[in-house]
Trainee: 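I'd like to ask some things about the structure below.
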Amino acid sequence: MHTFTDSPSRDDIAAALASGSITFIDCMLDDADLSRLDLRGSSFINCSIAETSFYAAKLAQTTWQRCRGRQADFEAADLTDAQFQSCDLNNSSWRRARLASLTFKGCKLTGANFEEAAHLGLTFEECLLIGADLRRMSFRKSTLKGLDFSDADLAACDFRDTVFEGGSLRNASLKQARFDNADLREADLSGLTLADVKLFQGAWITPRQAAELISELGLRVA
């Protein structure tokens, strides 16, 4: 296994891959074109990958710790069984990526785009997903720990039988989302509209949340 601790070029990385997976430590990879490379099993530790292109790259079983990846492009990449921990990935793109059994833990994903991503087994924990595009994603029967979906596009998402442990749905777009039997008692539901409330039929909320919803809708209970 090869280790880089500087700013390797694409040619440097391609040559090192002949010996197997790579460990990147404190590397500056901003704006690099790493598209279509086979980086399976590699590790990225405290690296900067801002605006780096991993388009259609093979990234299965990779690990990412404390990486900074503003506007990183993972479109069409295979990230099966990958793990991201404490990474800043704001405004990153995951369009059409394969995210099966991928784990995000303690990551910032504000404005991230997950359009048409294959996401079976995808897990988020203690993540910021503010303003993210998560349309048509299924969270069914999941336990969602500390996920901030504020202002996110959750249209047609499936939250049936989902348990929210903290987190927020504040001002999220919820058109055609499903919440049958979801446990929302620990979630922030502020900013909902009358149309949104209809989506929560069959979900569990607290009396305090019910009162807040009534207040949000401008109703007064005598």
Trainee: Once rounded to the nearest 0.5 Å, what's the spacing between atom CD of E115 and atom CZ of R136?
Mentor: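 The CD atom of E115 sits 6.5 Å away from the CZ atom of R136.
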Trainee: Side chain to side chain contact (heavy atoms under 4.5 Å, CB included) for T3 and T23? Distances and angles first, verdict last.
Mentor: CA-CA 5 Å; T3 298; T23 297; 3.9 Å; yes
Trainee: Hey, mind stepping through M137 and F124 against side chain to side chain contact (heavy atoms under 4.5 Å, CB included) and telling me if it holds?
Mentor: CA-CA 12 Å; M137 191 167 284; F124 297 101; 4.1 Å; yes
Trainee: Angle between ring planes, W64 versus F74, binned at 30° and 60°: parallel, tilted or perpendicular?
Mentor: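 Rings of W64 and F74: perpendicular, as their planes differ by over 60°.
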Trainee: If hydrophobic clusters are built by linking Ile, Leu, Val, Met, Phe, Trp and Tyr wherever their side-chain heavy atoms come under 4.5 Å apart, do I130 and L174 end up in the same one?
Mentor: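 No, I130 does not connect to L174 through the hydrophobic network.
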Trainee: Please check if any side-chain donor atom of R170 sits under 3.5 Å from a side-chain acceptor atom of S190, or the reverse.
Mentor: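 Indeed, the side chains of R170 and S190 share at least one donor-acceptor pair under 3.5 Å.
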Trainee: Given K141, which of V163, D158, N181, D161 fulfils the side-chain contact (heavy atoms from CB on, under 4.5 Å) condition?
Mentor: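 With K141 as partner, side-chain contact (heavy atoms from CB on, under 4.5 Å) holds for just one option, D161.
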Trainee: Using the six-membered ring wherever Trp is involved, compare the ring planes of F179 and F159 and label them parallel, tilted or perpendicular (cut-offs 30° and 60°).
Mentor: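 Plane angle under 30°, so parallel.
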Trainee: Restricting to side chain to side chain contact (heavy atoms under 4.5 Å, CB included), what partner residues turn up for S101, sequence neighbours left out?
Mentor: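 Residues passing side chain to side chain contact (heavy atoms under 4.5 Å, CB included) with S101: D81.
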Trainee: I'd like to know if the side chain of S9 pairs up with that of D11 as donor and acceptor (distance under 3.5 Å, no hydrogens or angles considered).
Mentor: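 The answer is no; no qualifying pair exists.
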Trainee: Under 30°, 30 to 60°, or over 60°: which ring-plane class applies to F104 and W94, parallel, tilted or perpendicular?
Mentor: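 Plane angle over 60°, so perpendicular.
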Trainee: Look at atom CD1 of I25 and say whether more than 12 heavy atoms of other residues, nucleotides or ligands are closer to it than 6.0 Å.
Mentor: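 Yes, the 6.0 Å shell around CD1 holds more than 12 heavy atoms from other groups.
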Trainee: More than 12 foreign heavy atoms under 6.0 Å from CZ of R10: is that the case here?
Mentor: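 Yes, because the 6.0 Å sphere around CZ of R10 holds more than 12 heavy atoms from other groups.
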Trainee: Do D180 and R160 meet the salt-bridge criterion of a basic N to acidic O distance under 4.0 Å?
Mentor: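 Salt bridge absent between R160 and D180.
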Trainee: Any carboxylate oxygen within less than 4.0 angstrom of a Lys/Arg side-chain nitrogen, looking at E75 and R95?
Mentor: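 Salt bridge between E75 and R95, a charged N being under 4.0 Å from a carboxylate O: yes.
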Trainee: About how many Å separate NZ of K108 and CZ of R68, when rounded to the nearest 0.5 Å?
Mentor: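 Interatomic distance, R68 CZ to K108 NZ, rounded to 0.5 Å: 11.5 Å.
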Trainee: Can you tell me how far SG of C107 sits from CD of E126, rounded to the nearest 0.5 angstrom?
Mentor: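 Going from CD on E126 over to SG on C107, the span is 11.5 Å.
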Trainee: Within this structure, what is the OG1-CZ distance for the pair T62 and F84, rounded to the nearest 0.5 Å?
Mentor: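 These two atoms lie 5.5 Å from each other.
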Trainee: Are the side chains of S150 and N171 in contact, using a 4.5 Å heavy-atom criterion?
Mentor: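 The answer is no, as the side chains (C-beta and beyond) never meet within the 4.5 Å cut-off.
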Trainee: As a quick check of understanding, evaluate side chain to side chain contact (heavy atoms under 4.5 Å, CB included) for R40 and Q61, giving each step before the final call.
Mentor: CA-CA 6 Å; R40 286 176 291 182; Q61 298 180 322; 5.9 Å; no
Trainee: Under the salt bridge (charged side-chain N to carboxylate O under 4.0 Å, His left out) test, which residues partner D12, sequence neighbours left out?
Mentor: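 Partners of D12 under the salt bridge (charged side-chain N to carboxylate O under 4.0 Å, His left out) test: none.
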Trainee: Mark yes when over 12 heavy atoms from residues, nucleotides or ligands other than R135 sit less than 6.0 Å from its CZ; otherwise mark no.
Mentor: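 Counting neighbours around CZ of R135, more than 12 heavy atoms of other residues, nucleotides or ligands fall under 6.0 Å, so yes.
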Trainee: Is a side-chain donor-acceptor pair under 3.5 Å present for S53 with S35?
Mentor: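 The criterion, which ignores hydrogens and geometry beyond distance, is not satisfied for S53 and S35.
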Trainee: What distance separates C67 SG from D88 CG, expressed to the nearest 0.5 Å?
Mentor: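 CG of D88 is found 10.5 Å from SG of C67.
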Trainee: Using 4.0 Å as the upper bound for N to carboxylate O, is an ion pair formed by E51 and R70?
Mentor: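 So R70 pairs with E51 through a salt bridge.
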Trainee: Any luck finding a side-chain donor-acceptor pair between T63 and S43 under 3.5 Å?
Mentor: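 On atom types as modelled, these side chains qualify, holding a pair under 3.5 Å.
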Trainee: Which value, rounded to the nearest 0.5 Å, describes the distance between F114 atom CZ and L134 atom CG?
Mentor: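 Nearest 0.5 Å value for the CZ-CG distance: 6.0 Å.
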Trainee: Can you check side chain to side chain contact (heavy atoms under 4.5 Å, CB included) on L184 and L169, steps first, answer last?
Mentor: CA-CA 10 Å; L184 300 161; L169 290 167; 4.0 Å; yes
Trainee: State, to 0.1 Å, how close L59 and A77 come at their nearest heavy-atom pair, and which atoms those are.
Mentor: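 Looking at all heavy atoms of both residues, the closest pair is CD1-CB, 4.1 Å.
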Trainee: Looking only at side chains, do D30 and S48 share a donor and an acceptor under 3.5 Å apart?
Mentor: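 The criterion, which ignores hydrogens and geometry beyond distance, is satisfied for S48 and D30.
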Trainee: Centre-to-centre under 6.0 Å for F149 and F139, is that the case here?
Mentor: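 Yes.
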Trainee: Hey, any chance L34 and M28 share a hydrophobic cluster, counting ILVMFWY side chains that come within less than 4.5 Å of each other, even indirectly?
Mentor: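 Different clusters.
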Trainee: Taking side chain as C-beta onward, heavy atoms only, is I49 less than 4.5 Å from L29?
Mentor: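 A side-chain contact under 4.5 Å exists here.
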